[in-house]
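Before any comments, here is the structure.
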There are 2 protein chains.
Amino acid sequence: MYFLFKADWILVEKKAKRTKQSINREELESRILRSAEVLFAEKGYSGSSMEAIAVTANISKQNLIYYFPNKELLYKRVLKEMLDIWIEKLSFLETQGDTPEAVIRRYVREKMQLSRMYPNGSKVFAHEIISGAPVLKEYLISHLKPQFDRDVMLVKSWINKGLVDDIDPEHLFFTIWAATQTYADFSVQMEVLLGKHRLDEDDFERAELAVTDFVVRALGAKKNN
Amino acid sequence: MYFLFKADWILVEKKAKRTKQSINREELESRILRSAEVLFAEKGYSGSSMEAIAVTANISKQNLIYYFPNKELLYKRVLKEMLDIWIEKLSFLETQGDTPEAVIRRYVREKMQLSRMYPNGSKVFAHEIISGAPVLKEYLISHLKPQFDRDVMLVKSWINKGLVDDIDPEHLFFTIWAATQTYADFSVQMEVLLGKHRLDEDDFERAELAVTDFVVRALGAKKNN
DNA sequence: CTTATTGCTGACCTAAAAGACAAGTTGTTG
DNA sequence: CAACAACTTGTCTTTTAGGTCAGCAATAAG
């Protein structure tokens, strides 16, 4: 799973002899990554200093640099962690016997859950894309596009079979992504508008229902085959 | 229109004697603002140096500072310019005799056009909200929320009158905003996925059609009253 | 137990970036 | 056209941030 970027990932694949040190290393690395994620999400890449990340992770700056020799590497690792999760959880494969509606419902639900569970990773990703994807562009071309093309084809086949209405498949995906990811990225705006300090369980429940419902209606999906 | 933030806007309301200097000043100010907008959109607040903004605007850094004595002020002005445009163009008022569908169609179209015409402003706004809206939070509370509440009420009245289906009004708006703004903020991702260098006239046409259609279907709006 | 490896820290160094200041230039106005 | 205001630039200071390096501390391996 270390295929994402050229040569500049830290490769840690040496038999893993779980000594006291290696355990500590793992724990500390993930603490650093979580801290970095929070800061990158909130302040962006340039706005997050190594010093600040170190403080958040409760270590010294030099120690941080010991684990991640430079900031760009750290940033790429944070992005990578997020993408790994997304790839793992988001396949749009047509399960045997599933109706389009079922596939879509599952897809929307999983995207919503990612927004709910990894809001910071999502924000880091958003900053990156808005900024023109300087780091991720290659990845989008090599990994996301093929999957996208495949998924679009699938929806087209649904249309041809008359299982769903004649909608625009590409823009359907853009809308689904936007509508789901917004619950991570723009949560502050929603909190203000809903008059809450935090979006809670219930809000996400409603959101998931609403968005799923919108999408299903848009598809005009026929329930029985 | 200078009510947005406390006291730190530059107030320029002195009778405007259109001399050679004042014309030049206006021209230069807007050139600076456009340059700043581009950089803030791409690099975020911290990633954009005054030096770089000056270079982009083709003036010296010292001259930039003469016009905008500090970076934060410049940033706020960029945000303000964007918000002024949005407020001006986005009212969800029920025009006499208009059906819900017509109102919604107009609303979506206008939001799409904002994404198309002011992608950079939109990106700056997105960065700001994702970052927790440190500058804009007050504004969201005082200006956006009241308008939002009003618009939600309107949709509820539509529902009560049976003009549209029983959808979730709050989340309807969240979805519309997300689905339209994504064409500004995530344009790079779409370019990659559609295999284009730039989203063109035609893409936006299709996008507008798709999103409008999507929303109208979600509403289940009845065409005749 | 002692040697090698890994983890951690403090003292630097360098570059960039915000912006203060003073001095010069250009345009405006009585 | 003289005096004043608006504009522009070069120089300097301070702060911050990324990162190096040498050495000390803790742990693992023989």
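Naming convention: chains lettered A, B, ... in sequence-line order (proteins, then strands); numbering from 1 in each chain.
Atom CG in A/Asn70 sits roughly 17 Å away from atom P in D/dA17 (whole-Å rounding). Whole-Å rounding puts the B/Glu51 CD to C/dA15 P distance at 16 Å.
Considering only side-chain N and O atoms, A/Ser60 lies nowhere under 4.0 angstrom from the phosphate OP1 or OP2 of C/dC8. An OP1 or OP2 oxygen of C/dT9 is reached within less than 4.0 angstrom by a side-chain nitrogen or oxygen of A/Asn63. Proximity of B/Tyr66 to the phosphate of D/dT9: no side-chain N or O atom is located under 4.0 Å from OP1 or OP2. The side chain of A/Arg25 contributes no N or O atom lying less than 4.0 Å from OP1 or OP2 of C/dT6.
Ring orientation note: the planes of A/Phe204 and A/Tyr183 are tilted relative to one another, at an angle of 30° to 60°. Classified by interplanar angle (parallel below 30°, tilted 30° to 60°, perpendicular above 60°), the ring pair B/Phe186/A/Phe125 is tilted.
Counting non-hydrogen atoms under 4.0 angstrom, A/Leu64 reaches nothing in the nucleic acid. A/Ile53 comes within contact range of no nucleotide atom at all, as no heavy-atom separation falls under 4.0 Å. At the heavy-atom level, B/Ser48 lies under 4.0 Å from the strands shown only through sugar-phosphate atoms.
Residue A/Gln62 places no side-chain atom within donor-acceptor reach of the base of D/dG19, judged by atom type and a 3.5 Å distance cut-off alone. Donor-acceptor pairing under 3.5 Å, judged by distance alone, is present between the side chain of A/Lys61 and the base of D/dG19.
Residues B/Thr175 and A/Thr182 fail the side-chain proximity criterion, which asks for heavy atoms closer than 4.5 Å.
No close placement of the B/Phe214 and A/Phe174 rings is indicated, their centers lying 6.0 Å or farther apart.
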